[in-house]
Each structure stands twice: as C-alpha cells, then as structure tokens.
Amino acid sequence: MSSGERFSIKSATYLIPQRENEILLSRRFNTGWMDGMYSLISGHLEENESVHKAMIREAYEEAVIVVKKEDLIPATVLHRKSPDAEYIDFFFVVKKWDGEIMIGEPNKCDSLTWFSLDDLPDNLLPYIHEVLNNYKNGVAFSASGWGE
C-alpha cells in the first residue's frame with residue numbers, strides 16, 4: 001500500500017434463517033474454498049450497496065427467498081482477520097420470508113439443510129460456529145483471528 005493510500009476492509013452479510021430452534025445452513029460446493037463445509041447464506045457487499053440491500057440480494061440469489069428489510073433482525077457483528085484479508089461481517093436473523101427455500105446457486109452450493117442450534121454439524125466453518133454461539137449467547141460483537 002502506498003503512503004497516500006488508505007486501508008480498506010472487506011465486508012460481508014450473512015443470513016440466519018430460523019424456525020423454532022433450527023437454522024438453515026448452506027454447504028459449500030465447487031467454490032475452491034472450504035468446499036464441503038457448512039456456512040450461512042452470505043455474500044460480499046458491492047459498491048454503493050447497503051448492508052440490508054446486500055442481504056436481501058444474497059437471500060434471493062442463494063436460497064430463492066424474498067426477505068424484507070424490516071424482517072432482518074441484527075444478530076451479531078464479527079471483525080475477522082483471515083490469512084488474506086480483514087472483514088467486517090454482519091449477521092442477520094430472519095424468521096419470515098416469501099417463497100420456498102431452494103438452492104439458487106447449484107454451482108456453489110449442494111445442500112441447504114436445517115440444523116438445531118444445539119446440534120450443529122462438525123463440518124461447519126469455524127468462524128460460523130463461533131458466530132452462532134455468540135448469537136445463542138446474546139454476544140453482539142466479537143473479533144476473531146487476531147491471535148490476541
């Protein structure tokens with residue numbers, strides 16, 4: 001980075017569809033990163049896109065459901081350091097939506113499965129596991145990957 005260039009951070013949104021004590025997880029497929037691991041419906045923010053608009057867009061692209069801004073419940077925020085970048089990740093719970101959940105990107109996901117919050121799969125991305133524990137315990141913000 002040149003001396004006049006400002007640092008920029010990546011940002012992503014994650015959706016936690018919930019029914020009773022179950023949440024919907026998405027299994028990564030054919031992406032080249034952590035394939036076979038479960039995550040959440042998610043995506044990076046695009047330029048000039050609000051967090052809410054990004055989440056609404058990703059919900060439709062990945063699960064073919066329509067969610068409304070007023071139904072997105074802030075769950076937690078994660079400041080995450082990965083080997084290649086730093087992220088601010090925004091997590092939202094949604095308990096109502098329009099449409100039937102189905103895989104919208106079969107080239108990137110091979111399963112959308114409901115799991116109990118108390119019985120999550122072993123092949124869950126570690127930072128997603130941390131975030132879901134934070135959500136269950138009412139932790140509004142955390143940092144991960146900083147080695148502190």
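Just the heavy atoms: all of them, side chains too, but no hydrogens, waters or symmetry mates, feed the values below.
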Taking side-chain hydrogen bond (donor to acceptor under 3.5 Å, both in side chains) as the definition, give me every residue that meets it alongside [X], ordered by chain and number, with sequence neighbours left out.
X: D119; result: none
X: S50; result: none
X: D35; result: T31

Any side chain to side chain donor-acceptor pair (under 3.5 Å) pairs touching residues 89-99, not counting sequence neighbours?
-> R80-D89
Donor-acceptor pair, side chain of T113 and main chain of L25, under 3.5 angstrom | no
Using atom types as modelled, flag every donor-acceptor pair under 3.5 Å from a side chain in residues 39-46 to any protein atom, sequence neighbours excluded.
unit_1: S42; atom_1: OG; unit_2: L40; atom_2: O; d: 3.3

Stepwise, does the side chain to side chain contact (heavy atoms under 4.5 Å, CB included) test hold for Y87 with S82?
-> CA-CA 8 Å; Y87 290 86; S82 70; 3.8 Å; yes
Is any side-chain heavy atom of I56 less than 4.5 Å from a side-chain heavy atom of V66?
->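 With C-beta onward as the side chain, the pair stays apart.
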Taking C-beta and beyond as the side chain, do L15 and V93 meet within less than 4.5 Å on heavy atoms?
-> no
Please walk me through it: do I101 and W114 pass side chain to side chain contact (heavy atoms under 4.5 Å, CB included)?
-> CA-CA 11 Å; I101 291 174; W114 292 97; 3.6 Å; yes
Could you list the residues that satisfy ring pair (Phe, Tyr, Trp, His ring centres under 6.0 Å) with Y38, not counting sequence neighbours?
-> F115
Residues two or more places apart in sequence or in another chain: which of them pass ring pair (Phe, Tyr, Trp, His ring centres under 6.0 Å) with Y14?
-> F91
Under the rule for side-chain contact (heavy atoms from CB on, under 4.5 Å), what residues qualify as partners of [X], not counting sequence neighbours?
X: E70; value: K68
X: I103; value: P106, C109, L112
X: E86; value: F7, I9, H79, K81, W146

Begin from the C-alpha positions of I88 and V77 and carry the test side chain to side chain contact (heavy atoms under 4.5 Å, CB included) through to its verdict.
-> CA-CA 7 Å; I88 297 288; V77 174; 4.0 Å; yes
Roughly how far apart are L124 CG and M34 CE, rounded to 0.5 Å?
->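 It comes to 11.0 Å.
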What residue pairs, at least two apart or across chains, pass salt bridge (charged side-chain N to carboxylate O under 4.0 Å, His left out) with a residue in residues 17-32?
-> R19-E22, R27-D110
Residue pair A75 / I16: nearest heavy atoms and the distance that separates them =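 It is CB-CD1, 4.3 Å.
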Can you get from V64 to I23 by hopping between Ile, Leu, Val, Met, Phe, Trp and Tyr side chains that sit under 4.5 Å apart?
->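 Looking at the clustering, I23 is in a separate group from V64.
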Cluster link F90 to L78, ILVMFWY, side chain under 4.5 Å |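 No, F90 and L78 fall in different hydrophobic clusters.
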When you look at W33 and L125, which way does the side chain to side chain contact (heavy atoms under 4.5 Å, CB included) test go after all the steps?
-> CA-CA 11 Å; W33 186 78; L125 289 174; 3.9 Å; yes
How far apart are the C-alpha atoms of R57 and E49, what are their side-chain angles, what is the distance that settles it, and do they pass the salt bridge (Lys or Arg N to Asp or Glu O under 4.0 Å) test?
-> CA-CA 10 Å; R57 175 180 53 78; E49 181 178 49; 2.7 Å; yes
Between side-chain atoms of residues 129-142 and protein atoms elsewhere (two or more places apart, or another chain), which donor-acceptor pairs fall under 3.5 Å?
unit_1: H129; atom_1: ND1; unit_2: N133; atom_2: ND2; d: 3.3
unit_1: E130; atom_1: OE1; unit_2: S144; atom_2: OG; d: 3.1
unit_1: N134; atom_1: ND2; unit_2: S142; atom_2: OG; d: 2.9
unit_1: Y135; atom_1: OH; unit_2: Q18; atom_2: OE1; d: 2.5
unit_1: K136; atom_1: NZ; unit_2: L117; atom_2: O; d: 3.2
unit_1: N137; atom_1: ND2; unit_2: N133; atom_2: O; d: 2.9

Got more than 12 heavy atoms from elsewhere within 6.0 Å of OH, Y60?
->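 It does not: Y60 OH has 12 such atoms or fewer within range.
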